[in-house]
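Notes to accompany the following structure.
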Amino acid sequence: MTAQDFFFYIFALITLLPAIVCVFHPNILYAGLSLFGSFFGVAGIYILLGADFIAATQVLIYVGGILVLILFAVMLSKDIYGAKFQDEKKKKIMPIILGSVLLGFLLKFILTTPWNMTLTDEAPLPTTSRLGDLLLTDYLLPFELASILLLAALIGAIILARSK
Amino acid sequence: MYTQFATVLIFLIIGAGMVPLILLVGKILRPSNPDPKKLTSYECGEEPVGGSWVQFNLRFYVIAILFLIFDVEVVLMFPIGATFRQWMISQAGKGLLVFAEVALFIGILLIGFAYAWGLRPPAQRKNHKPCPCLNF
Amino acid sequence: MSLPEFLKELFESWPLLGILPLWFYSLICILGLLFLFLFPFAGIAVYIERKIAGDIQARIGPNVVGPYGILQWIADALKLLLKEDIIPALADKKLFILSPMIIFLSGAAAYAVIPFAENVILANLNIGIFYLIAITSMVALGLILGGWASNNKWSLLGGMRAAAQIVSFEIPVALCILTAVLVAGTLDMTQIVKNQSPYHWNIFHNPFMFIAAFVYYIAALAEANRTPFDIPEADSELVSGYNTEYSGMRFAIFFLIEYAECFVICAVAATLFLGGWHPPFIDISGLALPLRMPLQVMVFMAKAILLLLVMMWIRWTLPRYRVDQLMKLCWEVLVPFSFVCLLGTAFWMALFKGKGVPEMIYALLGWGS
Amino acid sequence: MFAVDLRHYLILSAILFVLGIIGILSRKNSVGILMGIELVMNSAGINFVAFSKYVASDLSGQIFALFIFLIAASEVVVALAIILRIYQNKTTVNIEDIKDLKC
């Protein structure tokens, strides 16, 4: 039970509890806010896995960007006459059953397949410069295609969102 | 690496705990006699009119779109920024090739930025010139 | 090496303190930073700002409490502490309390990576400057919640405008920091300062870096909602925007964080562009450690406070921007400029294989320092 | 049992994935569905980074996590633009009411 395992369970809780709130809370604004906690838990998990640049990216893009966008959308799409955010009661039995069946399958696969893990316990090395080298050499094509995808998303979203 | 992030974690915990602590100190020391008059929302003295969940148009949303797209671009560029100097100093020959890769990546996105910039709302093309892509 | 590790090594041989774990030292350093540096600094900055404002407007600033009004900020803090803290009835209680926490967290957590001196940095992260951008991007979230929770038309619009302003000015800030990282070669803050030297500051590396420094300063000024870009708290229009409904100690937190963020901007500008703790053209790396580090802290603080005074000077001289002028400035001037600086610096580095103007001049003059 | 290894991370991301699926299926508000999609994206990210550390010790897993952020950001931008455009026309984001194409 080293410190890493201890922190793993803490960050797992920080990720899962807000995610449960986000899925089951009737008020859409509180659901959006609980995502804030869950994204921080995922950032903590990334740090434990030694991916420090990915953890900072997670905080920057998800918390600073996507969550701001979702909250903007939630506030823009509110009904006009000050009605509260109540999400009509939709019976949630079927999704939960389906979800648990799916979870059962996933857990069976995870626990039965023999993963050839290489358990290394030396401290993780900083990753940013190695990521940069990989992006410039091995993953150059996806890197250049990324800008085309961003361009398409940018122009598409602006055309849709620009009020005539 | 873990010790540095442990310090950051402690900083975040203390930072998060500091605000309730300050407010608790405040709650103990200060008077608290809430009367309905005080608790209405502040409208320069007049009676508050209608709920505040007013609805507004999409110009804030266009800003958020532009921000998120260019944020992702900056994130993809940071690992390259971290190794750019090594590439420039060591493989002297391929320096310009690496620059060409980076310039291509940014150039394609500049096209999107030029599009967002050149967006004139048809009605007010001549006289009033609002900020084009955000038509304020 | 970060401050907690340095202190642990320092007190290793002491009988009592030798056994303390590393996280205890970081706890002490964090509490020391918050209570000995952040809170007093914010108070003193308020006092200095009001004195400068008075001086610029040809009047005397606060001079009642204590000699020359030095204790004025303590009086203000106590007043805010003792003022009643009202939560409007219709307000969304949970969000109303949560929003100052998020804002305080993002404002204070940026101090973990500011390199005051060689070993005096709280967390020597390898992704130092990127962590700083990530943490300060959370402020927009806090502002939206603050504006939304206080159930007030003014604060809602103020919160939205503030979030839109912060969000849109984050692009020039991130691009200019990226330009500085291209030149510095690493994301680690102490390494960035070590790559510079008293004779070679990053700002003179190439002309594009010179422009990027100013673009960064202006954009960061706008990101911290400082005049001339403080539309959200424009007293005349939006009745101090998102913190309309906040009173008492909660309002003090918004106030505190504005000054904390201003110092972070000046500290980052000093680190990235003005050579961190290297004094101009005086080489102090030869001195012994116990003498060198205090000197380095003084040099770094001098640069940061100088930039802060410029920020206060700007605040009381320039008129306020309109919202569309502000957005036009950001998206039509600052973002193109930062893109040009980024590509220009990359081309300069590719062309001259990473050498800057000072190095070439020294090579010409044969100093080879 | 407590020593954390690859299986624990996979179990965590599986639970997060299933929560995302439940979120997508049980929400009537389309912005809520988008939040479920974000949870699914996050669970995929955890899987990639966990495999990058435990199985193949090079950084290819983290590169994929970086591209997941890219895809998630552009997906959210376009999806929310569509949702707000629907909201402008029909003043509702409730997926039950958006069934004009249905014959």
Side-chain angles (χ1 to χ4, degrees), chain A residues 3-4 7 10 40 44 47-48 50 52-53 55-57 60-61 64-66 68-69 71-73 75-85 123-136 140 143-144 146-155 157-164, chain B residues 1-6 8-9 12 50-84 86-87 94 97-98 101-102 104-113 115-116 119 121-123 133-135:
Chain A
Q4 278 175 27
F7 277 118
I10 287 183
F40 260 98
I47 290 174
L48 279 179
D52 55 351
F53 182 76
T57 320
L60 176 64
I61 287 192
I66 290 181
V68 167
L69 219 60
L71 286 183
F72 266 0
M75 288 174 193
L76 288 180
S77 69
K78 217 214 46 47
D79 304 339
I80 294 171
Y81 303 106
K84 272 287 184 202
F85 277 104
L125 298 169
T127 61
T128 321
S129 43
R130 288 188 291 160
L131 276 178
D133 290 340
L134 271 176
L135 272 178
L136 279 178
L140 180 59
F143 175 63
E144 302 300 345
S147 60
I148 294 174
L149 175 68
L150 283 175
L151 179 64
L154 176 67
I155 293 182
I158 285 191
I159 287 178
L160 278 174
R162 202 163 58 89
S163 50
K164 288 292 168 296
Chain B
M1 163 130 67
Y2 287 145
T3 50
Q4 311 304 339
F5 276 108
V8 168
L9 184 67
L12 290 178
S52 93
W53 275 276
V54 73
Q55 225 251 345
F56 43 81
N57 57 34
L58 288 176
R59 60 174 182 263
F60 294 126
Y61 188 68
V62 172
I63 296 173
I65 293 173
L66 284 170
F67 162 67
L68 193 53
I69 297 291
F70 286 111
D71 209 15
V72 171
E73 184 218 343
V74 162
V75 157
L76 277 173
M77 272 298 293
F78 255 95
I80 291 166
T83 63
F84 198 75
Q86 261 62 40
W87 277 92
K94 289 204 283 297
L97 175 66
V98 172
E101 288 161 10
V102 168
L104 181 65
F105 178 75
I106 292 179
I108 291 175
L109 266 160
L110 278 185
I111 301 170
F113 180 67
Y115 169 76
L119 220 53
C133 61
L134 311 167
N135 46 53

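Labels below follow one simple rule: chain letters A, B, ... track the order of the sequence lines, proteins then strands, and each chain is numbered from 1. Just so it is clear, the model here is predicted, and its values are computed rather than measured.
- Both the backbone and the side chain of A:I47 come within contact range of chain B, each with at least one heavy atom under 4.5 Å from a heavy atom of that chain.
- For a residue to count as touching a neighbouring chain, one of its non-hydrogen atoms must lie under 4.5 Å from one of that chain's; by this rule A:F7 touches chain B with the side chain only.
- Proximity to chain A (any heavy atom under 4.5 Å) is restricted, for B:F67, to the side chain, taken from C-beta onward.
- When all heavy atoms of A:E144 and B:E101 are compared, the pair lying nearest together is OE2-O, 3.1 Å.
- For B:F113, the part lying near chain A is the backbone, with the side chain staying farther off; criterion is any non-hydrogen pair under 4.5 Å.
- There is no contact between B:I106 and chain A, counting heavy-atom distances below 4.5 Å.
- Annotation: side chain to side chain contact (heavy atoms under 4.5 Å, CB included) contacts of B:T83 (sequence neighbours excluded): A:S129, A:D133, A:L136, B:W87.
- Inter-residue side-chain proximity for B:F70 and A:L150 is flagged as unmet; no heavy-atom pair is nearer than 4.5 Å.
- Contacts of B:L104 with chain A are made by both backbone and side-chain atoms, with heavy-atom separations under 4.5 Å.
- Under the 4.5 Å side-chain criterion, counting only non-hydrogen atoms from C-beta, B:Y115 is not in contact with A:L154.
- Residues B:A116 and A:I158 approach most closely at CB-CD1, 3.8 Å, considering heavy atoms.
- In terms of heavy-atom proximity, A:L151 sits nearest to B:I111 at CD1-C, 4.1 Å.
- With a 4.5 Å cut-off on side-chain heavy atoms, A:F143 and B:L76 count as touching.
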